[in-house]
S.K.: 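Structure provided below as structure tokens; questions to follow.
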Amino acid sequence: MAFAPVPEWTGDVAALRAVQDDLARQVVLKDAFPKPLRTVAGFDVGFEDDGATTRAAAVLLDADSLQVLETRLVRLPKRMPYVPGLLSFRELPALLAALCLLSVTPDLVFVDGQGIAHPRRLGIAAHFGIATDLPSIGVAKKILVGENTTTLHDMRGAFTTLRDKGAQIGWLLRSKAGCLPLVVSPGHRVAMATAPEMVMRFVTGYRLPEPTRLADRLASRRDE
DNA sequence: GCGACAG
DNA sequence: ATCTTGTCGC
């Protein structure tokens with residue numbers, strides 16, 4: 001399985017933004033994944049050596065039992081600095097490498113970060129989806145762009161629209177009472193309305209859904 | 001010009 | 001993201 005190459009960092013921010021605009025046009029916001037789901041996977045990145053090393057984690061789960069079927073970890077040297085809005089060019093290569101190590105291709109992917117809730121509508125989850133053509137959803141812990149609309153009830157499962165320039169770009173989802181809401185947005189091959197319910201389907205007793213929560217622990221070595 | 005800014 | 005202890009509320 002080969003993917004479209006991720007552009008290298010030359011310092012040319014404008015060039016990467018142009019790439020994002022091109023890829024964003026290819027995003028499909030309609031459900032296009034197998035039903036019922038068989039497997040799902042969570043992805044996240046962490047760092048070592050003061051950021052010199054990138055650690056990407058992939059966790060494959062059974063969609064029904066939520067049992068962990070496989071866990072993968074990849075280390076790659078840093079390729080570029082963190083630039084708000086250009087996160088995917090920095091972390092996607094490592095995530096794709098981790099995906100390649102899975103023995104099974106997941107039916108749906110959850111990525112720690114934004115889906116289309118991005119200035120140019122191409123957060124890392126959307127970029128991941130376009131690069132692999134796999135259905136994807138972005139699960140971020142903070143808003144990058146956009147604003148809340150109505151009040152969010154402090155009840156598990158409550159959600160409100162996240163909009164930017166008048167259009168809805170995602171949701172603020174209270175995955176757990178008493179916790180700050182998650183920023184959920186479709187990445188690729190997933191409809192706006194489907195994203196929050198898919199996330200809640202994998203939330204157990206924590207703020208983060210299992211796929212992302214487990215990948216997060218591995219990538220940030222908060223594991224063991 | 002000023003502030004904001006996923007991970 | 002990462003560096004870090006105790007503390008408050010569900």
Side-chain angles (χ1 to χ4, degrees), chain A residues 6 9 13 16-17 20 23-24 27 42-58 73-98 109-130 136-148 152-158 162-165 169-188 195 199 203-209 211-223:
Chain A
V6 176
W9 174 245
V13 173
L16 295 186
R17 289 208 231 268
Q20 294 183 313
L23 297 178
V27 169
F43 290 82
D44 188 30
V45 165
F47 298 91
E48 297 176 2
D49 316 314
D50 288 300
T53 302
T54 304
R55 278 173 61 111
L73 188 61
V74 170
R75 284 190 183 74
L76 289 179
K78 177 184 69 176
R79 52 150 45 206
M80 68 173 269
Y82 166 68
V83 181
L86 300 182
L87 177 72
S88 65
F89 297 102
R90 167 177 156 96
E91 306 185 345
L92 189 56
L95 293 185
L96 297 181
V109 156
F110 291 84
V111 182
D112 189 306
Q114 315 294 343
I116 63 168
H118 174 281
R120 314 189 88 78
R121 308 297 181 257
L122 195 84
I124 190 168
H127 195 163
F128 186 114
I130 290 299
S136 65
I137 294 176
V139 182
K141 301 185 258 335
K142 298 176 183 174
I143 291 175
L144 206 209
V145 289
E147 52 276 331
N148 186 348
L152 218 195
H153 299 263
D154 184 29
M155 191 186 145
R156 186 202 144 110
L162 174 68
R163 54 179 58 239
D164 182 40
K165 299 172 183 173
I169 58 175
W171 309 87
L172 287 180
L173 172 64
R174 187 140 261 150
S175 53
K176 178 179 181 178
C179 288
L180 290 172
L182 294 177
V183 184
V184 175
S185 60
H188 183 50
V199 170
V203 170
T204 58
Y206 304 87
R207 179 162 87 122
L208 298 179
T212 288
R213 188 180 74 82
L214 296 174
D216 202 81
R217 295 178 28 162
L218 248 188
S220 299
R221 52 207 185 298
R222 298 256 316 105
D223 211 2

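Because the structure is a prediction, the values reported are computed rather than measured. Throughout, protein chains are lettered first and strands after them, A, B, ... in sequence-line order, and every chain is numbered starting at 1.
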S.K.: For a quick check, with a 4.0 angstrom heavy-atom cut-off, what is the B/S/- contact string for nucleotides 2-7 of chain B, read 5' to 3'?
M.R.: ---BBB
S.K.: Output the pairing pattern of DNA chain B as a dot-bracket string, 5' first, Watson-Crick or G-U wobble with both distances under 3.5 Å, | for cross-strand pairs, [ ] for crossing pairs.
M.R.: .......
S.K.: Any salt bridge between A:R121 and A:D164, counting N to O under 4.0 Å?
M.R.: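 Between A:D164 and A:R121 there is a salt bridge, with a charged N closer than 4.0 Å to a carboxylate O.
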S.K.: I need the single residue from A:R221, A:K78, A:R55 that forms a side-chain hydrogen bond (donor to acceptor under 3.5 Å, both in side chains) with A:E48. Which is it?
M.R.: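 Exactly one option meets the side-chain hydrogen bond (donor to acceptor under 3.5 Å, both in side chains) with A:E48, and it is A:R55.
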S.K.: Do A:T54 and A:F47 touch side chain to side chain, with heavy atoms closer than 4.5 Å?
M.R.: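 Yes, at least one pair of side-chain atoms sits under 4.5 Å.
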S.K.: Ring centres under 6.0 Å, that's the criterion: do A:F110 and A:F43 meet it?
M.R.: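 No; A:F43 has its ring centre 6.0 Å or more from that of A:F110.
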S.K.: Take the protein atom CZ of A:R156 and the nucleotide atom P of C:dG9, then report the distance between them rounded to whole Å.
M.R.: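 Going from CZ in A:R156 over to P in C:dG9 covers 23 Å.
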S.K.: What is the distance, to the nearest angstrom, from the CZ atom on A:R221 to the C1' atom on C:dT2?
M.R.: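 My rounded result for the distance is 8 Å.
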S.K.: Is any side-chain heavy atom of A:R213 closer than 4.5 Å to one of A:Y206?
M.R.: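 A side-chain contact exists here, since the closest heavy-atom pair is under 4.5 Å.
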S.K.: Tell me which donor-acceptor pairs under 3.5 Å the side chains of residues 86-96 of chain A have, and how far apart each pair is, sequence neighbours excluded?
M.R.:
| residue | atom | partner | partner atom | Å |
| --- | --- | --- | --- | --- |
| A:S88 | OG | A:H127 | ND1 | 2.8 |
| A:R90 | NH1 | A:M80 | O | 2.9 |

S.K.: Does any non-hydrogen side-chain atom of A:S185 lie less than 4.5 Å from one of A:I137?
M.R.: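 No; the side chains remain at least 4.5 Å from each other.
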S.K.: Determine whether A:I130 and A:V27 make a side-chain contact, defined as any pair of heavy atoms from C-beta on separated by less than 4.5 Å.
M.R.: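 Yes, their side chains come closer than 4.5 Å.
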S.K.: Quick check: on DNA chain C, is the nucleotide nearest A:S220 upstream (toward 5') of the one nearest A:A177, or the reverse? Name the residue that is more 5'.
M.R.: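 In this pair, the answer is A:S220.
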